[in-house]
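Each residue takes its place number in the sequence, starting with 1. Small disclaimer: the values here were computed from a predicted structure and weren't measured.
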Amino acid sequence: MLTSQRKQLILEKLGAEGQVLSRELSLHFDVSEDTIRRDLRELAAEGRLQRVHGGALPSSTAIAPFAERKTLKIDSKKSVARKGAQLISSGQVVIVDGGTTTSELLTFLPQDLRITVVTHSPGIALGLVDHPCIEVILIGGRLYKHSIVTVGAAAIEGIGNIHADLFFMGVTGIHPEAGLTTGDYEEACIKRAFSGRAAETIVLASPEKINTASSFVIGDLSLINTVVVESDTDKAWMKAVREKGVSVITTADPDNE
């Protein structure tokens, strides 16, 4: 079998099963584990998968630059953002992470909603400038231009002064075993810090993030309380996430009153 054929079959198996293991692939193709590791390494370099210990997971497409991500799965992002907005109550302190899905969240906040939003995203802050009833606290730091958010020691220090009710965490991948991941090390640190300052952490998961992984781990699923997904999300995935103790809300669930 040609290397290119084996790689294609590996990708097909990954797509069907959600993960592949080097040892099992070695037995399946009757080649050495070194050969499989080389295949996985080359596929990872092409952005076709994410290598993890012992095998590989689907690679998230949500690590593209901000401008590109804005056009990805727009309807899905709007759908989960609308449902997420219903989880917010008047009087709360709400941390809103940077990202294209959390940006959509702003469009569904009622004009009479009185909350305080804490964010390290200049874009999120500017998106709320004209909201008549929302107080905005912007966390400073070094601007990470890829995601247009602040990171670094100053941001961590500012986060430490907050006690929030909710944190809407942005991720690039959410997987039952690999947990919550993102494409940048410092961003992962910021997200963990925010989560530690909120009573409840929520992920708005559009389809490109589900059952995928990126290079840097934010934490396992125990770090979050709730994930909001589209109603046609794979039921096996939702079951696996619920078994980790995370509440799964779908866009088809009844609206909160």
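Panel note: side chain R242, backbone V248; a donor-acceptor pair is recorded below 3.5 Å. A donor-acceptor distance shorter than 3.5 angstrom exists from the side chain of T181 to the backbone of S214, with no hydrogens or angles considered.
By the salt bridge (charged side-chain N to carboxylate O under 4.0 Å, His left out) test, D130 pairs with no residue at all, sequence neighbours left out. Evaluation of the side-chain hydrogen bond (donor to acceptor under 3.5 Å, both in side chains) rule for T201 yields S195 as partners, not counting sequence neighbours. With sequence neighbours excluded, no residue forms a side-chain hydrogen bond (donor to acceptor under 3.5 Å, both in side chains) with S89. Residues satisfying the side-chain hydrogen bond (donor to acceptor under 3.5 Å, both in side chains) criterion with Q19, sequence neighbours excluded, are absent altogether. In terms of the side-chain contact (heavy atoms from CB on, under 4.5 Å) criterion, residue partners of L138 (sequence neighbours excluded) are, by chain and number, T119, A125. T101 meets the side-chain hydrogen bond (donor to acceptor under 3.5 Å, both in side chains) test with K209; sequence neighbours excluded. Checked against ring-ring contact (aromatic ring centres under 6.0 Å, His included), F167 has the following partners two or more places apart in sequence or in another chain: F194. E17 pairs by the salt bridge (charged side-chain N to carboxylate O under 4.0 Å, His left out) definition with K13, not counting sequence neighbours. Partners of R48 by salt bridge (charged side-chain N to carboxylate O under 4.0 Å, His left out), not counting sequence neighbours, listed by chain and number: E46. Partners of R51 under the salt bridge (charged side-chain N to carboxylate O under 4.0 Å, His left out) rule, at least two apart in sequence or in another chain, do not exist in this structure. Judged as a side-chain contact (heavy atoms from CB on, under 4.5 Å), and not counting sequence neighbours, the contacts of D34 are S32, R37.
Put simply, the side chain of I202 reaches to within 4.5 Å of the side chain of L87, judged on heavy atoms. No side-chain heavy atom of E186 sits under 4.5 Å from any side-chain heavy atom of Y144. Taking 4.5 Å as the limit, every side-chain heavy atom of K235 sits out of range of all side-chain heavy atoms of K239. For the pair V96 and L128, the minimum side-chain heavy-atom distance is 4.5 Å or more. Side-chain contact between L25 and L27 is absent, with no heavy-atom pair separated by less than 4.5 Å. In this structure, D39 and T3 have side chains that are in contact, with non-hydrogen atoms separated by less than 4.5 Å.
Cluster annotation: V94 and F108 are assigned to distinct hydrophobic clusters (Ile/Leu/Val/Met/Phe/Trp/Tyr, side-chain heavy-atom contacts under 4.5 Å, transitive).
With salt bridges taken as basic N to acidic carboxylate O contacts below 4.0 Å, none links K77 and E104. Between D97 and K191 there is a salt bridge, since a side-chain N of the basic residue sits under 4.0 Å from a carboxylate O of the acidic one.
Separating the CG atom in D30 from the CZ atom in R6 is a distance of 11.0 Å, to the nearest 0.5 Å. Summarising the geometry, atom CG belonging to L223 is positioned 6.0 Å from atom CG belonging to L180; distances are rounded to the nearest 0.5 Å. Going from atom CD1 of I162 over to atom OG1 of T116 covers 11.0 Å, rounded to the nearest 0.5 Å. In this structure, L14 CG and L57 CG are separated by 7.5 Å, a value rounded to the nearest 0.5 Å. Here L109 contributes atom CG and T107 contributes atom OG1; the two are 7.5 Å apart, rounded to the nearest 0.5 Å.
Under 3.5 Å, the side chains of E33 and S22 contain no donor-acceptor pair of N or O atoms. Side-chain contact check for Q50 and T212: no donor-acceptor pair (N or O, by modelled atom type) lies under 3.5 Å. In summary, the side chains of T250 and E230 do not present any donor paired with an acceptor at a separation below 3.5 Å, with no hydrogens or angles considered.
Among residue pairs with one or both ends in residues 174-183, those qualifying as salt bridge (charged side-chain N to carboxylate O under 4.0 Å, His left out) are E177-K244; sequence neighbours excluded.
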